[in-house]
Amino acid sequence: MEDETTGGGWDLLMATIGQVAEWVSAVSALDGDVVEVSSIEAAGPRSVVFAVDGETLGKALRSAAGVILAGRRLESVGSADERVIWVEDARYSFAVVAEKLRGRWFEAGVDASAVVADGVSMGEGTGVGPGAVIERGVVIGRDCWVGARVVVQAGTVIGDRVVVQAGAVLGSTGFGYARNGRTGEYRLFPQQGRLVIEDDVEIGANTTIDRGALGETRIGRGTKIDNLVHIAHNCVIGKNVILAAQTGISGSSVVEDGAILGGQVGIGEHATVGEGVILGGGAGVLSGKKMRGAGEVFWGRPARPLKEYLRDLARLRRGRVF
Amino acid sequence: MEDETTGGGWDLLMATIGQVAEWVSAVSALDGDVVEVSSIEAAGPRSVVFAVDGETLGKALRSAAGVILAGRRLESVGSADERVIWVEDARYSFAVVAEKLRGRWFEAGVDASAVVADGVSMGEGTGVGPGAVIERGVVIGRDCWVGARVVVQAGTVIGDRVVVQAGAVLGSTGFGYARNGRTGEYRLFPQQGRLVIEDDVEIGANTTIDRGALGETRIGRGTKIDNLVHIAHNCVIGKNVILAAQTGISGSSVVEDGAILGGQVGIGEHATVGEGVILGGGAGVLSGKKMRGAGEVFWGRPARPLKEYLRDLARLRRGRVF
Amino acid sequence: MEDETTGGGWDLLMATIGQVAEWVSAVSALDGDVVEVSSIEAAGPRSVVFAVDGETLGKALRSAAGVILAGRRLESVGSADERVIWVEDARYSFAVVAEKLRGRWFEAGVDASAVVADGVSMGEGTGVGPGAVIERGVVIGRDCWVGARVVVQAGTVIGDRVVVQAGAVLGSTGFGYARNGRTGEYRLFPQQGRLVIEDDVEIGANTTIDRGALGETRIGRGTKIDNLVHIAHNCVIGKNVILAAQTGISGSSVVEDGAILGGQVGIGEHATVGEGVILGGGAGVLSGKKMRGAGEVFWGRPARPLKEYLRDLARLRRGRVF
């Protein structure tokens, strides 16, 4: 394997087409090398592309791409073109190949401009970007990337292969106050808990996650969090959860495994978003509410099943009842 | 008093139970020391816990906690347990004790990696965290904490005991433009005013507050602002106001004393949120609108009294009118 | 011309009243100098103010202002006061004068605390603020300002006269994943494209803009973006677009020239906001949807023409149909 440098800022690896096929549990009779994944439009003879329907497969076949990953259900419309590798899920296989060709896209070690406090523990292969700040006692696992200007506050524990994008703040002080009934003044409720981020979590740019108040805030394994998301103290986010950009989750709420939250979703305090529940963009869940139903889609504020939401809109639109 | 170090990243102080009682204007016959506040579940003999209802009081009594702060209205269900200290508001008293035991949780002085420009004035006991940037002419009072990577732009004036969490930007250029009617191009309206932050204000991570355009933006004494909040140029936020996460307030709006804004609230330009008004999460106030009524709860977009909002939803739900 | 320093943190220039008139394509018979634009309330003899209606013109005439820019349509209510300079659009002219008097408000060159990687190209007159991070291969044009703690990631191309405010992250990894149908785990879809920012764009504090996945994300010439805005991978934002604070645009969406998006607007994936369309604060556009109509105002979630939105609200309010 050799290295090439891309405009994207990291080194791509070269691989034989045979290796590519092996990565996606397939075989290929073709010789030759590839160095990148690419869009069909930009593909050259050393590019890998993918096709999920007949139209894109047609385009891919007319392109210069060296390898075409295509969904097996397209085999009937078929092709004798040897560049095609049939796979179960072409988009997923494309992501697998991209990851392999991407190789290591960050350097291990702490950038000279980062500030790392005493008592920080960091696993092998972990990299810390320019201007990042890691406070005392933080524990970070292996092969993590802590991006530029990220702040990881004291008491945060991070697993392996976690990616934190630029500007995120992890372990900030939660927003909990006790009000003086007489003067109306607020006093900080203790925010002395910790934040635990499990393996394979990815966190977007300028996102903020508060530490627990007395207990902990926890982000489950494999969960992916977009930019500018806010997660409050004592939330428990399950495994393989998706939180799209600008979503906010109030204190002590639970989002269970496999849930998918669109952008700008708002969750009240002590609410539960059940396993596999899907919340459309901008949906709102009231404090204390429990949303249940794996694979069910909820929409609106307050969130209701998609069918109900559409019916409500239709009623308003028609201006009559039925 | 002695120091202990916690995972939370600061030193806790030790205090006698007598001192604790005194802090909450009570007395205790017990001897012994405490070092921390804690959840009931994690409490040990040197922990202080609190109970606001019969159930948590029962749990607290069965725990190993050294001191139990309990609401006086629970005295009837009572207990002869000497660990109980009866107070008016147990949660508030717990916050008072936590603050005392927390002691100074940051170091005074400017971190070596911070960038402080000429002509900056800073009061005694104020600390500036790693990577923070303080532009020229900024005035900061006593005992403030300016967190990691905070940016305080020129012309900002900050009072005493203000806490600014990591990544916040104070005094940014406001978003005001004049449009060229002929070309459709925008030209910045002058944003040369300043930002004033009064005493005891707390500001969340990655929050942004713009300077005034010609006049000033002002955040009143004791106001608490959560993460990722946006406050535009020339806003005047009163005293003891609560702004939960991801709330946005457009230019020249006023939020009066004691108002409480839930998460993801949006306020248009030149609007007024009256004294003590409560806006539920996700509520929206149109430009120019004035919301009035201390203690009244408004909900929805556009915000309306909670009762009205619920009636509107019920109508949609039933699909009939009455 | 001489320099004066303001509390705002930059040097103001002195200009003759004749020059000021010339800047706005007018003439003035007055002698004397001005040094600043100002509100009418704070105006002194060397201040320029503006008036857009009879009331503010009256106030301006009674003030000490040295120059009054007034809309030509007020000429009838008129004034013989020589301080008045009649212009087409007083607010716009005021912005023109402010920009001239402001002069250069940042220093060219890279602050010592910024981190600039290899292979970065930067045009003449461009300044990079404290703590900013510019990754390898980034191209930045002339007379740009890259504010404190901004991160510009590899593969980003920035035009001339672009202003990026503190804490913004440009070129972050997009939020695209392929799901393993069997295990439910997510794998990053390749995010190896680039971000292109054209001339005269201005970007607010702590805003995040993702690079393209395979292609590019593009922000058109003259577009102005407020604080805490999120723009996802592969979006194409046209020229002279306004995106107010906390607005979020999902992947692969298009916002055409001259569109105006209020605060907290949410746009789904693969949606189109047509040329000149106006979206009220908090409006939402569903994935795949195309909004059309230059100058038309849309409101609500999902966004509908203002008239329709108001009718829907009125129906709910009246509780009857018509």
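Convention: sequence-line order gives letters A, B, ...; per-chain numbering from 1.
Ring geometry for Trp145(A) against Trp105(A) counts as perpendicular: the plane angle is over 60°, on a 0 to 90° scale with 30° as the lower cut. Between Phe189(C) and Phe94(A), the ring-plane angle classifies as tilted under the 30° and 60° cut-offs.
In this structure, the portions of Ala166(A) lying under 4.5 Å from any heavy atom of chain C include both its backbone and its side chain. With a threshold of 4.5 angstrom between heavy atoms, Leu313(C) does not approach chain A through any atom at all. At a 4.5 Å heavy-atom cutoff, the contact between Arg179(C) and chain A is made by backbone and side-chain atoms alike. The contact between Thr207(C) and chain A is made entirely by backbone atoms, counting heavy-atom distances below 4.5 Å. In this structure, chain C has a heavy atom under 4.5 Å from the side chain of Ser113(A), while its backbone stays farther away. Heavy atoms of Val285(C) lying under 4.5 Å from chain A are absent altogether. Of the atoms belonging to Asp89(A), it is side-chain heavy atoms, and not backbone ones, that fall under 4.5 Å from chain C. If you measure heavy-atom distances from Val115(C) to chain A, the contacts under 4.5 Å come from the side chain alone. Ala114(C) does not touch chain A: none of its heavy atoms, backbone or side chain, sits under 4.5 Å away. Contacts between Thr183(C) and chain A at a heavy-atom distance below 4.5 Å involve the backbone alone (N, CA, C, O). Both the backbone and the side chain of Thr173(C) come within contact range of chain A, each with at least one heavy atom under 4.5 Å from a heavy atom of that chain. Contacts between Arg187(C) and chain A at a heavy-atom distance below 4.5 Å involve backbone atoms as well as side-chain atoms. Both the backbone and the side chain of Arg91(A) come within less than 4.5 Å of a heavy atom in chain C. Of the atoms belonging to Val139(C), not a single heavy atom falls under 4.5 Å from chain A. Using a 4.5 Å cut-off between heavy atoms, Val163(A) makes no contact with chain C at all. Contact annotation for Val229(C): only backbone heavy atoms (N, CA, C, O) come within less than 4.5 Å of a heavy atom of chain A.
Looking only at side-chain heavy atoms (C-beta outward), Leu243(A) and Ile231(A) come within less than 4.5 Å of each other. Inter-residue side-chain proximity for Ile242(A) and Phe175(C) is flagged as met; some heavy-atom pair is nearer than 4.5 Å. The shortest distance between side-chain heavy atoms of Ile267(C) and Leu261(C) falls below 4.5 Å. Counting heavy atoms from C-beta outward, Leu214(C) and Pro190(C) have side chains that approach closer than 4.5 Å. Using a 4.5 Å heavy-atom threshold, the side chains of Asn227(C) and Asn206(C) count as separate.
Per-residue counts of heavy-atom pairs under 4.5 Å with chain C were compared for Ala205(A), Gly281(A), Gly222(A); the largest is that of Ala205(A). When Glu185(C), Gln153(C), Arg194(C) are compared by the number of non-hydrogen pairs under 4.5 Å with chain A, Glu185(C) comes out ahead. When Gly280(A), Ala245(A), Gly147(A), Ala112(A) are compared by the number of non-hydrogen pairs under 4.5 Å with chain C, Ala245(A) comes out ahead.
Ion pairing between Arg292(C) and Glu256(C) holds under the 4.0 Å rule for side-chain N and carboxylate O. Between Arg161(A) and Asp200(A) a salt bridge is recorded (basic side-chain N to carboxylate O distance below 4.0 Å). With respect to the salt-bridge test (charged N to carboxylate O, under 4.0 angstrom), the residues Asp257(A) and Lys239(A) do not qualify.
If you check the side chains of Tyr186(C) and Glu202(A), you find no donor sitting under 3.5 Å from an acceptor. Residues His233(C) and Thr217(C) bring no donor and acceptor atom of their side chains to less than 3.5 Å of each other.
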